[in-house]
2 protein chains.
Amino acid sequence: MGLSVGFLLRRLGSPQAEPRRAEALLTVAGLWILVPALGAIPFWISGGLGYLDALFEATSGFSTTGATVLDDFSRFSYGLFFWRSLSQWFGGMGILLLFIVVLPHLALAGRQMFFAEVTGVQKQQLTPKLRQTATNILRVYLLLTFFTFSAYLLTGVPFFEALTNTLSSVSAGGFSPNPRSFADYAPLTQWVAAGVMFLTGVNLLLQYRFIFGREFKAPLRDPEFRAYALIVFWVGLLLAYILYLRHDYDLEPALRHAFFQTTSIITGTGFASADFAQWVVPAQVLLVLLMFVGGSAGSVGGSIKVIRWLIIGALVRRELQRALHPQAVLPLRVGNRSLGEDVLRAVSAFITLYVGLFALGALVIGMLEEDFVIAFTASAAAVGNVGPGLGAVGPMSHYGELHPVSKAVMIFQMWAGRIELIAVFALFTPELWRRLRA
Amino acid sequence: MGLSVGFLLRRLGSPQAEPRRAEALLTVAGLWILVPALGAIPFWISGGLGYLDALFEATSGFSTTGATVLDDFSRFSYGLFFWRSLSQWFGGMGILLLFIVVLPHLALAGRQMFFAEVTGVQKQQLTPKLRQTATNILRVYLLLTFFTFSAYLLTGVPFFEALTNTLSSVSAGGFSPNPRSFADYAPLTQWVAAGVMFLTGVNLLLQYRFIFGREFKAPLRDPEFRAYALIVFWVGLLLAYILYLRHDYDLEPALRHAFFQTTSIITGTGFASADFAQWVVPAQVLLVLLMFVGGSAGSVGGSIKVIRWLIIGALVRRELQRALHPQAVLPLRVGNRSLGEDVLRAVSAFITLYVGLFALGALVIGMLEEDFVIAFTASAAAVGNVGPGLGAVGPMSHYGELHPVSKAVMIFQMWAGRIELIAVFALFTPELWRRLRA
Ligand SMILES: [K+]
Ligand SMILES: [K+]
């Protein structure tokens, strides 16, 4: 994945050349098909899975989704569990390079505006800084990997489980070699994991500025970070309250499981400290809604992402003002910065495609599985790269029993969700193919 | 309701006067609270319901939702059943006048653009034609009422049931004096009702041009009508196929129940020819998705409406082209007409508010009712003014058992959904209240 991104970067000498854009889109989408297709081979040959199941597992790995078809964890060797988690670690790194380095360079669907917002870097300055930005991101990613591995070891996780869980933690992947995920680990390990998962939902450039640039106030000035942290705080507290009241958890376990699951689902990691598919309905409803929030832009977190919700919120506020002053020219603001109308259009189109792909997936899966909860949560968990759903596809269960067509739909959703849809759907425009032939 | 709209029209002498706009918004929203609050009194006094239940029933009536709290239909007298259906008939008329006549005049949130699109009437021409447009709409509404009543009587529905069902049919209301809705009527009555419900989802100005203007090709040239008819046709066929294959329906009943339920749910009428909450999951998933489609603009149909989906579809197509040509200036087209960016923003904001109100409602109802299916379908059925949900709140059941807070949430959703949200949420801006004081 790292190699392929390097390959892509070299091809992008001249960002203004229009045919290059079509080629680049095709390259991104194609690599993200090719890598899982090859990465599936170990699961197929040594894991004893059929090729569709192997492809499901590999796509789930490289897309950092963490949905599994594995019914019996004793079928896999240590090597396969390592490969499964390593694919997530590489997938997470690939996503960071793709979205922080490559796509802003392509100005894809207003995306450079996004990152110019978040990072303060102007469009024209991006090109010479490409290599530097990539290096900075990798430094943060490696530091977090090292820190997480040490913390898991120190809190008593056995070596192999600490290693694989680390690779799946920092990438918000969620594959665990343990069929009970984090449920049997020490409370301290669960708290550490919650903290790590919180960080995986934070923009890595912001983390770089905080850690290496010593800009300690940068997160507080960042509207996306503030919103993300507030959501985690309040939803975590509400969930803790529900667990304390309705289950027989004491105060500390209620808080621990609540913040573990909130950070796990909002970032789309998908680890479980408890079988949340057995929780009361109010708790489950909260988790389903979190699946549609997502982490920050420039993080490994999946789903729609907080910045897009902030932009949509700004749009709605402005339309309400416009209901009163139809002739007024009102700027669109998030934090102190005003956004161009192109960002707004890109965000509206993104959310529409996202919800459309979710609804279509739920429809097809619902038709085949004859179960509402599987249909809605499997579809949301696949397109948002979360992993586990609820009900029969909960965190202590698996997707192995689904109809092959449901699995194929989820493979498409994991793939499209991870490369953020626009690139995927542009592939289906005849325009792109005309350009490639020209 | 008719009176109140007349009152409103008289106040709108000068559309450019800004303070009038704030007053008008407040008047619209306020009347839509006041009328059900008073209309609840008969249910409260003579129906033996608590005031909250009475308000639920009345809001459900005037908003043409048709969700009921009635567990035992023998509790209500003929007079109350008549009042229940009459409130829907007046509610439907009020909605038509509000959205075709009053709001376009206010240029509320780009709405006049909508109707300029659909009707071919330019903005500046609207004012002198106000009275004429209102008269034309009422002619179509009355004609449909007369036709429906005759057809129900001729196909064997008893007089009182024919009368009340007519009032609830032409308004897409869905209240029936029969606890089994249309399930026990003759097949021919069910086919007639399906046809009438199809018409209630069509723009009334388009129907006027077809019937009175003899423009027989107008519907075929209208992109919204074409899309609406195609959706009904294909979803109806798919649903018939599922029913034929998976239930013991013969071909004719499969087609009949499929088209009855498709037209009933897409327009948000909510009548039932069978207990669709007992159908297989694939059929139920289709019906839930239809709840989010809605009828055409300028009809009594609820929910998001076909034209908004067409506009969102045009936006998405344009963003995909933009991924390839980021510098190009691309027009936004629905059919042959190009739309302004303000329409696009209004539609994006609307759908966001709509989905937000649905999700928030599902969250609160889910917390209180502890049931996924109730949470999602009650919320969708309330905000879309559909009426019945699935599971324990299916068409042969009722909302009487819900927690009072769930009922209050649904009352808010029915009210906000019916006056299309923007007016409602503008009420919560401090700006509006400053303007009123100024
Ligand atoms: K994941
Ligand atoms: K209705």
Side-chain angles (χ1 to χ4, degrees), chain A residues 18 21-22 25 106-110 242 280-282 284-286 288-289 292 312-313 315-326 341-342 344-353 355-356 359 362-363 366-373 375-376 390 422-423 425-426 428-429 431-432 435, chain B residues 18 21-22 25 106-110 242 280-282 284-286 288-289 292 312-313 315-326 341-342 344-353 355-356 359 362-363 366-373 375-376 390 422-423 425-426 428-429 431-432 435:
Chain A
E18 281 279 337
R21 176 178 302 276
L25 281 173
L106 279 172
L108 186 62
I242 294 170
V280 291
V281 169
Q284 297 196 28
V285 170
L286 269 183
V288 169
L289 292 180
F292 288 90
I312 282 288
L315 162 70
V316 168
R317 270 198 307 283
R318 190 175 63 167
E319 287 307 305
L320 295 181
Q321 292 175 316
R322 212 188 286 273
L324 296 172
H325 323 243
E341 296 295 319
D342 54 340
L344 188 65
R345 284 191 298 253
V347 170
S348 299
F350 176 87
I351 295 186
T352 306
L353 284 175
V355 174
L363 182 66
M367 297 256 168
L368 296 166
E369 308 303 330
E370 309 271 328
D371 185 290
F372 253 92
V373 175
F376 282 87
L390 295 171
I422 296 277
F425 287 96
F428 297 108
T429 54
E431 179 68 21
L432 182 128
R435 284 190 164 262
Chain B
E18 282 280 334
R21 177 178 303 276
L25 280 174
L106 279 172
L108 185 62
I242 296 171
V280 291
V281 169
Q284 297 196 28
V285 170
L286 269 183
V288 169
L289 292 181
F292 289 90
I312 282 287
L315 163 70
V316 169
R317 269 199 307 282
R318 191 175 62 168
E319 286 308 302
L320 294 180
Q321 292 176 316
R322 211 188 288 271
L324 297 171
H325 323 244
E341 296 295 319
D342 55 337
L344 189 63
R345 285 191 298 254
V347 170
S348 298
F350 175 86
I351 294 186
T352 307
L353 284 175
V355 173
L363 181 66
M367 297 255 167
L368 296 167
E369 308 302 331
E370 308 271 329
D371 185 291
F372 254 92
V373 175
F376 282 87
L390 294 171
I422 296 277
F425 287 95
F428 297 107
T429 53
E431 179 67 22
L432 183 129
R435 283 191 166 261

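We name chains A, B, ... by the order of the sequence lines, and we start the count at 1 in each one.
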S.K.: Side chains of A:M367 and B:I242, heavy atoms from C-beta outward: is any pair under 4.5 Å?
M.R.: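 Counting from C-beta outward, A:M367 and B:I242 do come under 4.5 Å.
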
S.K.: So for B:L368, is it side chain, backbone, both, or neither that comes closer than 4.5 Å to the heavy atoms of chain A?
M.R.: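 When you check distances to chain A, no heavy atom of B:L368 falls under 4.5 Å.
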
S.K.: List the residues meeting side chain to side chain contact (heavy atoms under 4.5 Å, CB included) with A:A362, not counting sequence neighbours, and say none if there are none.
M.R.: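 By the side chain to side chain contact (heavy atoms under 4.5 Å, CB included) rule, A:A362 matches A:F376, A:S379.
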
S.K.: Against chain A, work out which of B:G366, B:G313, B:A375, B:G356 has the most heavy-atom pairs shorter than 4.5 Å and name it.
M.R.: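 Most heavy-atom pairs within the cutoff with chain A belong to B:G366.
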
S.K.: Between CD1 of B:I351 and CD1 of A:I351, what distance do you get to the nearest 0.5 Å?
M.R.: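 One finds 11.0 Å between CD1 of B:I351 and CD1 of A:I351.
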
S.K.: Between A:V316, A:V281, A:V285, who has the most heavy-atom pairs with chain B when the cutoff is under 4.5 Å?
M.R.: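 Looking at each of A:V316, A:V281, A:V285 in turn, A:V281 comes out on top.
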
S.K.: Just so I understand: if I count every heavy-atom pair under 4.5 Å between each of B:L363, B:I312, B:L286 and chain A, which residue has the most?
M.R.: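 Option with the top pair count is B:L363.
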
S.K.: Against chain A, work out which of B:T352, B:L390, B:V355, B:V280 has the most heavy-atom pairs shorter than 4.5 Å and name it.
M.R.: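 Most pairs with chain A among the choices: B:T352.
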
S.K.: For B:L289, is it the side chain, the backbone, both, or neither that has a heavy atom closer than 4.5 Å to a heavy atom of chain A?
M.R.: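 B:L289 touches chain A through side-chain heavy atoms alone.
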
S.K.: Please classify the contact between B:V288 and chain A as side chain, backbone, both or neither, with a heavy-atom cut-off of under 4.5 Å.
M.R.: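 Side chain only.
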
S.K.: Can you tell which part of B:S348 gets under 4.5 Å to a heavy atom of chain A, answering side chain, backbone, both or neither?
M.R.: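 The answer is both parts of B:S348.
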
